[in-house]
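Take a look at the structure below.
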Amino acid sequence: MVDEATKRTLAQIPLLKTKAGPRDGELWVQRLKEEYQSLIQYVQNNKEADNDWFRLESNKEGTRWFGKCWYIHELLKYEFELEFDVPVMYPTTAPELAIPELDGKTAKMYRGGKICLTDHFKPLWARNVPKFGIAHAMALGLGPWLAVEVPDLIQKGIISHKDNTTKGAAS
């Protein structure tokens with residue numbers, strides 16, 4: 001079940017219309033425009049709500065995305081590199097978001113630092129093809145994952161803030 005805050009956030013992210021992936025030529029260009037519009041709106045909404053928590057950019061083709069995401073815990077900012085490729089079968093297949101510096105530090109992660117979204121996010125994505133895009137993956141996938149995993153990793157001493165020690169991945 002989705003909580004009210006998540007429903008409000010989701011309602012403010014524009015849905016996408018074009019069902020196209022990186023191999024679909026001009027249709028992919030149209031899809032990419034929709035992706036950027038959706039992401040820009042989501043980032044703008046986050047900034048207005050004082051909830052800015054990631055930066056993303058892509059290569060020219062829109063197939064490789066990279067940036068930073070962060071999580072504030074007890075007034076300390078923990079920052080991580082973020083990367084993912086758009087799958088060939090996109091948007092039918094959701095992107096696999098990766099935080100390489102956390103690779104092997106939590107059970108809710110696959111090789112290469114790909115975060116585990118199988119149980120909760122991927123079924124939701126599958127029900128919403130082609131309406132969901134990268135902004136939705138961030139809002140419904142990475143955001144909740146960070147909210148659960150980062151505090152747990154901090155509590156277990158697996159990561160710590162950069163001002164305390166160089167142990168782990170944090171900024």
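Just so it is clear, the structure is predicted and the values come from calculations on it, not from any experiment. Index from 1, following the sequence.
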Gap separating the [atom1] atom of [X] from the [atom2] atom of [Y], nearest 0.5 angstrom:
| X | Y | atom1 | atom2 | result |
| --- | --- | --- | --- | --- |
| Ile154 | Glu149 | CD1 | CD | 11.0 Å |
| Thr93 | Tyr90 | OG1 | OH | 10.5 Å |
| Arg55 | Lys68 | CZ | NZ | 11.5 Å |
| Gln12 | Gln44 | CD | CD | 10.5 Å |
| Lys131 | Thr18 | NZ | OG1 | 14.0 Å |
| Arg8 | Ile13 | CZ | CD1 | 13.0 Å |

Check whether any side-chain N or O of [X] sits under 3.5 Å from a backbone N or O of [Y] as a donor-acceptor pair, and report yes or no.
| X | Y | result |
| --- | --- | --- |
| Thr106 | Lys108 | yes |
| Trp145 | Leu140 | no |
| Glu61 | Pro22 | no |
| Asp24 | Leu27 | no |
| Asp152 | Val148 | no |
| Asp85 | Arg64 | no |
| Glu57 | Phe66 | no |

Heavy-atom closest pair, residues [X] and [Y]:
| X | Y | result |
| --- | --- | --- |
| Trp28 | Ala20 | CE3-O, 3.5 Å |
| Trp70 | Asp52 | NE1-O, 2.9 Å |
| Tyr78 | Ile159 | CD2-CD1, 4.3 Å |
| Gly112 | Ala98 | O-CB, 3.9 Å |
| Pro144 | Gly141 | CD-O, 3.5 Å |
| Ala137 | Leu97 | O-CD1, 3.8 Å |

Could you state whether [X] and [Y] fall into the same hydrophobic cluster, counting links through intermediate Ile, Leu, Val, Met, Phe, Trp or Tyr residues with side-chain heavy atoms under 4.5 angstrom apart?
| X | Y | value |
| --- | --- | --- |
| Ile134 | Val29 | no |
| Leu10 | Leu16 | no |
| Ile72 | Val43 | yes |

Do [X] and [Y] have side chains that approach each other closer than 4.5 Å (heavy atoms only, starting at C-beta)?
| X | Y | answer |
| --- | --- | --- |
| Leu117 | Trp125 | no |
| Cys69 | Leu142 | yes |
| Thr9 | Asn51 | no |
| Ser58 | Thr63 | no |
| His136 | Asn128 | no |
| Cys116 | Met109 | no |
| Trp53 | Met138 | yes |
| Pro91 | Arg31 | yes |

Notebook entry, point to check: Under 30°, 30 to 60°, or over 60°: which ring-plane class applies to Tyr36 and Trp65, parallel, tilted or perpendicular?
Noted result: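 Tyr36 vs Trp65 ring planes: tilted.
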
Check: Is the Tyr42 to Phe54 ring centre distance short of 6.0 Å?
Finding: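 Centroid distance Tyr42-Phe54: below 6.0 Å, so yes.
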
Notebook entry, point to check: Should we count NZ of Lys114 as having more than 12 external heavy atoms under 6.0 Å?
Noted result: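 No.
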
Item checked: Whether over 12 other heavy atoms sit under 6.0 Å from Glu26 CD -> no

Note to self: Quick one, Glu34 with Gln30, criterion side-chain hydrogen bond (donor to acceptor under 3.5 Å, both in side chains). Give me CA distance, side-chain angles, the key distance, then yes/no.
What the structure shows: CA-CA 6 Å; Glu34 293 174 20; Gln30 177 59 36; 3.3 Å; yes

Next item on the list: Mind running side chain to side chain contact (heavy atoms under 4.5 Å, CB included) on Glu96 and Phe84 for me, showing each step along the way?
Entry: CA-CA 6 Å; Glu96 293 183 324; Phe84 61 93; 5.8 Å; no

Notebook entry, point to check: Given the rule in the side chain to side chain contact (heavy atoms under 4.5 Å, CB included) test, do Glu81 and Ile99 qualify, once you have shown the distances and angles that lead to the verdict?
Noted result: CA-CA 6 Å; Glu81 297 290 327; Ile99 304 174; 6.0 Å; no

